[in-house]
K.L.:
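The following block contains the structure, expressed as structure tokens.
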Amino acid sequence: MTTEASFTVKIIDFGRSFRPGIHQVPDPKQGPPVHKPPECNLSTMIARHDAPAQKHEATSPPRDSDLAWSTQGDIWVLGCTLFTIMVRCRFDLFERSGEAALFQHITEYMGPIPDRYRLLLEETANSSLAVPWDSKNCAEALDFDPALSEHSAIQENWVDLEEEVLDARRYWRTRSEIVTAGVHVDEEEDRKRVRVCLMVIRQMVGWFPEGRITASDAAALLANTVISNSKPCESPRLDDRREPQINGDTVSSSSLEDQNSEYLWELPSPPKEIEPLSRYHPGGLHPVHLTERYNDGRYCILNKLGFGSSSHVWLAHDTTTEQPLSQSRPLALKFIEAKAGDRTLEIEIHKYLTDLTVEAGPNGTHNVVVSDAVAFIPDLCKYKILEDLDETAIVRQIFQGVSFLHAHGVVHRDLHCGNIAIEIPLFRTAGLRELARYDFPNIFPCILSEAVEHSPSLPKYLVQSNPALSAHPRFYKDQPPLVVKLVDFGCAFRPGIDAFPTRGPRRALTAPECLVSEISPPEKVWTFESDIWTLGGTLVEIYSRLYTSEDDSEISANWRTLETSLVAARAPRTPLSAEDELHRVEQDTEDVRRFLSLIKQMLRWEPGNRIKAHDALNSAFFISSRNH
């Protein structure tokens, strides 16, 4: 067997190549029909040279330049070639000879001949100036059974094609050295590979050049991807009921659901790391795809990090850096829903504190927050990384961040663990070179038949969130000091400047005065002091989760037993000798007592009696840590 890394593929024979805008465009009539895209075959069939000149309006047939070779013409041919390779050269995707038969075959997989091509065929078929053979050829291309190009028939054809491809691959394996070598082929894994290849090929062999996928997007879909284990013809489920606007017309939720039911391959029960399709609508999420570029081409999308209640976050790199791609520093792009509504204040605070760019898309105008790629505390706990990090350094930087916010007049209101992140240290030194080892986009295609219009509001495919991208142990081992960041200002406001936000934080860590906010206006009780209370509860959770997994017994919240629980939780995974364990307990008891002394100053009933963030940095907990 040849291994993946033991060969190099090369493209040869540039006898028919040209560079658009530099070289003369080759005659599209050259070459056999099966090796030419529809637009070039159409140029062969019509009698344009004998037809009188016409004025081309928007609804007129395409111009001669639209029927010539182009880079997207190469994509069509490459799609057919990939299919032939996939079936081990046993048959072609469109294998009928002659232009007319080829057009009829394409309709069975890509839908009826589009109007702008049909008009040209009809013109030549009915023209007295055309050569008889051209007229006959065009008439035959138009003479197809409409039932064969209906959406249900097209769906069935693609499903049948998948089985034909699998049969061809099985036949090849029975006659190759694979059998004699005793190599086992997993049928289910092979089906997954075939399905993702057909998904990409289908986007390569569309009728129109401008509608075909680019080579870079095809490469991103095929390289290091995992296809869902869904069955053909499963349709997605829409959870929300909205009245979206498409091209100025109101489209009911039911009609949008009907359109989504036309998907050929869709996940029946998406994993929790994938947002529902119903969130993509005018005013909703922006459809982001791998390798797309934003901010005038500056940021290139690499993978997906996650999504929230009103945004999704993508891994990207800055193409303007002078460093090579392998050393480029990964970034995080947070796309906020176009329907800002109660997020307007968050956007204003982001503009006040950090970088922000704006992108226009089919669902509206989206604010995009650009930041360094980070890992969130819950993910670091899940992958058992946080327990090996310096918790005192983490807590100190959290206080520094809160002190910075308060000094600039910002009340965060939602300082829970999920809004505290750590910049990935390895990315500051090694860049994308290290990330490439773990970067495997998990893609779930959303494929529509040519017979059904794909709304621009919807993505071509969904990408599963991959929190493990930022939580691999190697990223934190023997690396520079940690950089902690506070994120998500959806509940934040500036007292005396901003109107109080309607969006509320989690109640579990809310200060007691805010739980009875009907006594006073909310902007009077949500203060810097309420942030300190919330932070106190969060720090206890962090200090506890550093040493316990979610499956272990809970750390006691009772002051009398909390000290003992935290000291026990700090025990290393590898048991110590009796003498070393005794010394550890003594040292950890002192650290925990200093930590809890700070927490008690944060969790006081009276807001005015709570310690301030900048004063906490000079507490015994941090001073003693500096002396160790």
Side-chain angles (χ1 to χ4, degrees), residues 34 37-38 75-96 101-114 144-172 187-208 211-213 217-218 221-222 225-236 258-268 270 277 443-455 458-462:
V34 74
I75 295 298
W76 194 93
V77 178
L78 179 59
C80 296
T81 301
L82 292 179
F83 179 87
T84 304
I85 294 173
M86 188 166 58
V87 297
R88 306 300 190 258
C89 300
R90 287 190 55 79
F91 56 91
D92 294 323
L93 177 58
F94 307 120
E95 58 180 349
R96 299 179 187 175
L102 179 65
F103 267 57
Q104 291 179 353
H105 200 184
I106 294 175
T107 62
E108 296 177 10
Y109 290 93
M110 304 308 298
I113 298 173
F144 64 90
D145 185 355
L148 297 178
S149 60
E150 291 181 354
H151 175 58
S152 58
I154 292 173
Q155 275 192 312
E156 186 174 345
N157 288 339
W158 281 100
V159 174
D160 291 344
L161 186 63
E162 180 181 305
E163 296 302 326
E164 292 177 27
V165 171
L166 291 170
D167 287 342
R169 293 168 68 84
R170 294 187 193 102
Y171 176 81
W172 170 77
E187 290 282 343
E188 191 57 37
E189 288 300 316
D190 196 44
R191 179 180 293 276
K192 294 178 182 180
R193 286 191 289 268
V194 166
R195 186 168 294 174
V196 76
C197 286
L198 287 179
M199 179 271 289
V200 175
I201 289 171
R202 188 172 182 183
Q203 297 185 70
M204 299 174 71
V205 297
W207 279 110
F208 297 138
R212 296 168 194 153
I213 193 173
D217 277 351
L221 285 167
L222 289 170
T225 60
V226 181
I227 189 64
S228 68
N229 194 22
S230 56
K231 299 178 180 179
C233 302
E234 299 274 13
S235 61
D258 290 341
Q259 185 189 57
N260 283 346
S261 68
E262 301 293 347
Y263 281 100
L264 176 60
W265 291 317
E266 180 54 59
L267 201 64
L277 271 175
I443 294 173
F444 296 87
C446 305
I447 307 297
L448 284 174
S449 163
E450 281 286 321
V452 179
E453 182 181 0
H454 193 304
S455 168
L458 300 174
K460 298 174 184 176
Y461 49 83
L462 296 173

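Nothing here was measured: the structure is a model prediction, and the numbers come from that model.
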K.L.:
Rounded to the nearest 0.5 Å, what separation is found between the OG1 atom of Thr107 and the CD1 atom of Ile113?
P.N.:
6.5 Å

K.L.:
Of all the heavy-atom pairs spanning Ala147 and Ala153, show the shortest one and how long it is.
P.N.:
O-CB, 3.5 Å

K.L.:
Taking the side chain as C-beta and beyond, is there a heavy-atom pair between Val87 and Glu164 under 4.5 Å?
P.N.:
no

K.L.:
Please report the shortest heavy-atom distance between Val200 and Ala218, naming the atom on each side.
P.N.:
CG1-CB, 3.9 Å

K.L.:
Does any part of the side chain of Arg170, heavy atoms only, come nearer than 4.5 Å to the side chain of Glu187, both counted from C-beta?
P.N.:
yes

K.L.:
Any side-chain heavy atom of Cys80 sitting closer than 4.5 Å to one from Val205?
P.N.:
yes

K.L.:
Report the distance from atom CE of Met110 to atom CG of Asn157, rounding to the nearest 0.5 Å.
P.N.:
11.5 Å

K.L.:
Rounded to the nearest 0.5 Å, what's the gap from CD on Glu162 to CG on Asp167? Could you check?
P.N.:
11.0 Å

K.L.:
Which word best sums up how the rings of Trp76 and Phe94 line up, parallel for under 30°, tilted for 30 to 60°, or perpendicular for over 60°?
P.N.:
parallel

K.L.:
Can you check whether Val194 reaches Arg191 side chain to side chain, under 4.5 Å on heavy atoms?
P.N.:
no

K.L.:
What closest approach, in Å, do Gly111 and Trp207 show between heavy atoms, and which atom pair accounts for it?
P.N.:
O-NE1, 3.2 Å

K.L.:
Quick check for you: to the nearest 0.5 Å, what is the distance between Ile85 atom CD1 and Thr81 atom OG1?
P.N.:
6.5 Å

K.L.:
Check Ile106 against Pro38 and note the closest heavy-atom contact, atom names and distance.
P.N.:
CD1-CG, 4.0 Å

K.L.:
Just how far is it from atom CE of Met204 to atom CD1 of Ile201, taken to the nearest 0.5 Å?
P.N.:
7.0 Å

K.L.:
To the nearest 0.5 Å, tell me how far Leu198 CG sits from Tyr109 OH.
P.N.:
10.0 Å

K.L.:
Among Asp160, Leu161, Leu166, which residue satisfies the side chain to side chain contact (heavy atoms under 4.5 Å, CB included) criterion with Glu163?
P.N.:
Leu166

K.L.:
Compare all side-chain heavy atoms of Glu156 with those of Glu108 and state whether any distance is below 4.5 angstrom.
P.N.:
no

